[in-house]
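Below is one structure, written out as structure tokens, with a few remarks after it.
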Amino acid sequence: MNLESDRLLLRPLTGHDATQDYADWLNDQEVNQYLETRHSPQTQRSCVEFIEKMNSDPASHLFGIFLKADGRHIGNAKLGFVNAQYQTGELSFFIGDKAQWGKGLTSEVVRLLTRYGFETLKLERIESGCYEQNLASLRVLLKSGYSVEGFRRRSVVLNGHRVGSFWLGILKHEFV
């Protein structure tokens, strides 16, 4: 299933999408500073393995983010930990192509994937989190209708220091 906005196409990733550029994003300290992948070096092979693992997991819906104008892969987004019994899921995302930062694309991604979660997967609740320093992601989630539901003090380690993280959520009836 493909998801589209004016500027973006989100489609399921395949092993062919695991390019060297993709691996390079995950190894770029500026791109990966808030990603859990920062803890170990990434290769094209590890990207292929991740894609295969996500695609074989019925509780994960992994999408590549592509520019409609030229078809370029610029990042990924996922609705994971989907629990059909409780109708919940967790949203995560990143734009790896730094030339695309600051253009409002992430807001489009969050809205597309949130709509997909509610309309296609029939979820009732979607959650997402971000480190307290990641104000860009916090703004995107708030702008997209998510509400801060909690702050976990000193819950993660970032650059050798313990920092907190926000936990946000949105309910189906809140999504406009």
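These numbers come from the heavy atoms of this one structure, side chains and all, not from hydrogens, waters or symmetry mates.
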* Asked: Is a salt bridge present between Lys172 and Glu174, judged by a nitrogen-to-oxygen distance below 4.0 Å?
  -> no

* Check the hydrophobic clustering (I, L, V, M, F, W, Y; side-chain heavy atoms under 4.5 Å; chains of links allowed) and say if Leu142 and Val109 are grouped together. => yes

* Asked: Between Glu49 and Lys53, is there a side-chain N and carboxylate O pair less than 4.0 Å apart?
  -> no

* Do Arg125 and Glu149 pass the salt bridge (charged side-chain N to carboxylate O under 4.0 Å, His left out) test, and can you show the C-alpha distance, the side-chain angles, and the key distance before you say yes or no? -> CA-CA 12 Å; Arg125 173 185 172 77; Glu149 297 181 335; 2.4 Å; yes

* Asked: Between Leu13 and Phe50, is any pair of side-chain heavy atoms under 4.5 Å apart?
  -> no

* Asked: What is the distance from atom CG of Leu141 to atom CD1 of Ile170, rounded to the nearest 0.5 Å?
  -> 9.5 Å

* Could you grab the distance from atom CZ of Arg139 to atom OG of Ser144, nearest 0.5 Å is fine? => 12.5 Å

* How are the rings of His73 and Phe66 set to each other: parallel, tilted or perpendicular (split at 30° and 60°)? -> parallel

* Are Leu62 and Val48 joined in one hydrophobic group, where the rule is that I, L, V, M, F, W and Y side chains link up if heavy atoms are under 4.5 Å apart? -> no

* **For the student: nearest non-hydrogen atoms of Ala23 and Gln44, plus distance** => CB-N, 3.8 Å

* Structure fact -> What one should report as the nearest heavy-atom pair of Thr37 and Gln42 is O-NE2, 3.6 Å

* Asked: Taking everything shown except Asp6 itself, do over 12 heavy atoms lie less than 6.0 Å from its CG?
  -> no

* **Gln20 and Asp24: side chain donor to acceptor below 3.5 Å** => yes

* To do: Kindly assign one of parallel, tilted or perpendicular to the pair Tyr131 and Tyr34, based on the angle between their ring planes and the thresholds 30° and 60°.
  => perpendicular

* Can you get from Val31 to Leu158 by hopping between Ile, Leu, Val, Met, Phe, Trp and Tyr side chains that sit under 4.5 Å apart? -> no

* **Any Leu26 side-chain heavy atom under 4.5 Å of Asn32 side chain** => no

* Asked: With a cut-off of 6.0 Å (strictly less than), are more than 12 heavy atoms of other residues, nucleotides or ligands near CZ of Arg7?
  -> yes

* Find out if a path of hydrophobic residues (ILVMFWY) with successive side-chain heavy-atom gaps under 4.5 Å connects Leu112 to Leu171. => no

* Output, in order, the C-alpha distance, side-chain angles, deciding distance and verdict of side-chain contact (heavy atoms from CB on, under 4.5 Å) for Asn134 and Leu138. => CA-CA 6 Å; Asn134 190 352; Leu138 180 62; over 6 Å; no

* ILVMFWY cluster, Leu35 and Val157 together (side-chain gap under 4.5 Å) -> no

* Asked: Does the pair Lys78 and Leu91 meet the rule for a side-chain contact (heavy atoms from CB on, under 4.5 Å), with working shown?
  -> CA-CA 6 Å; Lys78 181 178 78 165; Leu91 175 72; over 6 Å; no

* **Distance-minimising heavy-atom pair for Leu8 and Lys68** => O-CD, 3.3 Å

* To do: Measure the spacing between OG1 of Thr106 and NZ of Lys143 and express it to the nearest 0.5 Å.
  => 9.5 Å

* To do: Taking atom NE2 of His161 as the centre, report whether more than 12 heavy atoms of other residues, nucleotides or ligands fall under 6.0 Å from it.
  => no

* Which pair of heavy atoms, one from Phe151 and one from Glu132, lies closest together, and at what distance? -> CE1-CB, 3.7 Å

* Asked: Do Gln29 and Arg38 touch side chain to side chain, with heavy atoms closer than 4.5 Å?
  -> no

* Asked: Which atom names give the shortest non-hydrogen contact between Arg115 and Val176, and what distance separates them?
  -> NH2-O, 4.3 Å

* To do: Would you give the length of the straight line joining atom CG of Leu168 to atom CD1 of Ile126, rounded to the nearest 0.5 angstrom?
  => 12.5 Å

* Let me see the working for Phe63 and Leu113 under side-chain contact (heavy atoms from CB on, under 4.5 Å), right down to the final yes or no. => CA-CA 9 Å; Phe63 292 87; Leu113 218 48; 3.6 Å; yes

* Asked: Any side-chain heavy atom of Asn27 sitting closer than 4.5 Å to one from Thr43?
  -> no

* Asked: Are any of the side-chain heavy atoms of Val148 and Trp167 separated by less than 4.5 Å?
  -> no

* Distance from Met1 atom CE to Arg11 atom CZ, nearest 0.5 Å? -> 15.0 Å

* Going by heavy atoms in the side chains, are Glu127 and Thr88 under 4.5 Å from each other? -> no

* Asked: Between atom OG of Ser60 and atom CD of Glu90, what is the distance when rounded to the nearest 0.5 Å?
  -> 10.0 Å

* Measure across Pro58 and Ser56 and return the closest heavy-atom pair with its distance rounded to 0.1 Å. => CD-O, 3.4 Å

* **Side chains of Leu10 and Glu4 in contact at under 4.5 Å (non-hydrogen atoms)** => no

* Take atom CZ in Arg153; do more than 12 heavy atoms of anything else shown fall under 6.0 Å from it? -> no

* Asked: Looking at residues at least two apart in the chain, or sitting in another chain, which of them share a ring pair (Phe, Tyr, Trp, His ring centres under 6.0 Å) with Phe93?
  -> none

* To do: Check whether more than 12 heavy atoms from other residues, nucleotides or ligands sit under 6.0 Å from atom CZ of Phe81, and answer yes or no.
  => no

* Asn2 side chain near Leu9 side chain, heavy-atom distance below 4.5 Å -> yes

* Asked: So, the side chain of Ser155 versus the backbone of Arg152: is there a donor-acceptor pair under 3.5 Å, distance only?
  -> yes

* To do: Could you please spell out the steps behind the side-chain contact (heavy atoms from CB on, under 4.5 Å) verdict for Leu67 and Leu105?
  => CA-CA 9 Å; Leu67 293 175; Leu105 297 173; 4.1 Å; yes

* Is there a donor-acceptor contact under 3.5 Å from the side chain of Asp17 to the main chain of Thr14? -> yes

